Amino acid sequence: MTYSYDPQNIFARILRGEIPNKTVLETVHTLAFHDINPAAPVHVLVIPKGPYVTFDHFAAEASEEEIVDFHRACAQIFQMVGVAPGGGFRAITNSGADGMQEVPHYHLHILGGRVMGPLVVR
Ligand code: 5GP
């Protein structure tokens with residue numbers, strides 16, 4: 001399986017500084033910023049800086065250093081935005097067409113600040 005990364009996607013442009021963002025945290029391999037159209041009081045997007053299209057791509061091909069950096073960044077963000085330890089949160093990643101992914105650069109949505117409701121529409 002090969003993955004094709006589009007370097008013109010909006011998050012690649014954010015990473016290159018071509019589009020502004022409201023940064024929550026930046027580490028060596030990871031950037032986190034507020035979603036432009038928040039679906040909850042807390043809505044942060046966490047992205048690897050590397051060119052990974054989806055969660056499956058990142059999980060398969062990112063280095064151990066990138067994977068650890070990403071998840072340790074998440075741990076910091078949960079505390080920074082006050083969701084954990086605390087009221088809790090939902091972490092979602094949409095992948096591919098069935099997952100209705102809009103931006104083809106892997107990102108984790110961290111949603112919280114209210115009860116998030118059912119996971120999916122059945
Ligand atoms: P997806 O549907 O791919 O999982 O989610 C893409 C998310 O990116 C959406 O929640 C959307 O609001 C957010 N988004 C799209 N364009 C921008 C942008 O230019 N800046 C920021 N901060 N978020 C964006």
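All of these numbers come straight from a predicted model, not from anything done at the bench. When a ligand or atom number is given, it counts from 1 through the structure's own listing order. Excluded from the calculations below are hydrogen atoms, water molecules and symmetry mates; all remaining heavy atoms, backbone and side chain alike, are included.
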Tell me whether [X] at atom [atom1] has more than 12 heavy atoms from other residues, nucleotides or ligands lying less than 6.0 Å away.
X: R114; atom1: CZ; answer: yes
X: E18; atom1: CD; answer: yes
X: Q8; atom1: CD; answer: yes

Within the structure, is a non-hydrogen atom of R13 found at a distance of less than 4.0 Å from ligand 1?
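Contact absent.
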Any K22 heavy atom less than 4.0 Å to ligand 1:
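Per 4.0 Å heavy-atom rule, K22 does not contact ligand 1.
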Hey, do the aromatic rings of Y106 and Y52 have their centres closer than 6.0 Å?
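When the ring centroids of Y106 and Y52 are compared, they turn out to be at least 6.0 Å apart.
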Taking the side chain as everything from C-beta on, heavy atoms only, tell me whether H109 gets closer than 4.5 Å to L45.
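The answer is yes; the side chains approach within 4.5 Å.
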Do V81 and F89 come within less than 4.5 Å of each other through their side chains, counting heavy atoms only?
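SC-SC contact between V81 and F89 ruled out.
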Nearest protein heavy atom with distance in Å, relative to [atom]:
atom: atom 22 (N) of ligand 1; answer: H34 O, 2.9 Å
atom: atom 19 (O) of ligand 1; answer: I10 CG1, 3.6 Å
atom: atom 8 (O) of ligand 1; answer: F11 CZ, 3.4 Å
atom: atom 3 (O) of ligand 1; answer: E102 N, 2.7 Å

Residue [X] vicinity, atoms of ligand 1 by number, heavy atom under 4.0 Å:
X: N94; value: 1 (P), 2 (O), 4 (O)
X: M100; value: 2 (O)
X: H109; value: 1 (P), 4 (O), 5 (O), 7 (C), 10 (O)
X: N37; value: 12 (O)

Name the option, out of [options], that contains the heavy atom nearest to [atom].
atom: atom 7 (C) of ligand 1; options: I92, L108, D35; value: D35
atom: atom 1 (P) of ligand 1; options: H43, H107, Q101; value: H107
atom: atom 15 (C) of ligand 1; options: L45, V44, T23, I36; value: I36

Membership question, hydrophobic clusters at under 4.5 Å side-chain separation (ILVMFWY): are F55 and I92 in the same one?
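No, no single cluster joins them.
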F11 vs F33 aromatic rings, parallel, tilted or perpendicular, using cut-offs 30° and 60°?
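Ring orientation, 0 to 90° scale: perpendicular.
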Using the side chain to side chain contact (heavy atoms under 4.5 Å, CB included) definition, which of the options R13, R16, H105 pairs with P7?
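Only one of R13, R16, H105 forms a side chain to side chain contact (heavy atoms under 4.5 Å, CB included) with P7, namely R16.
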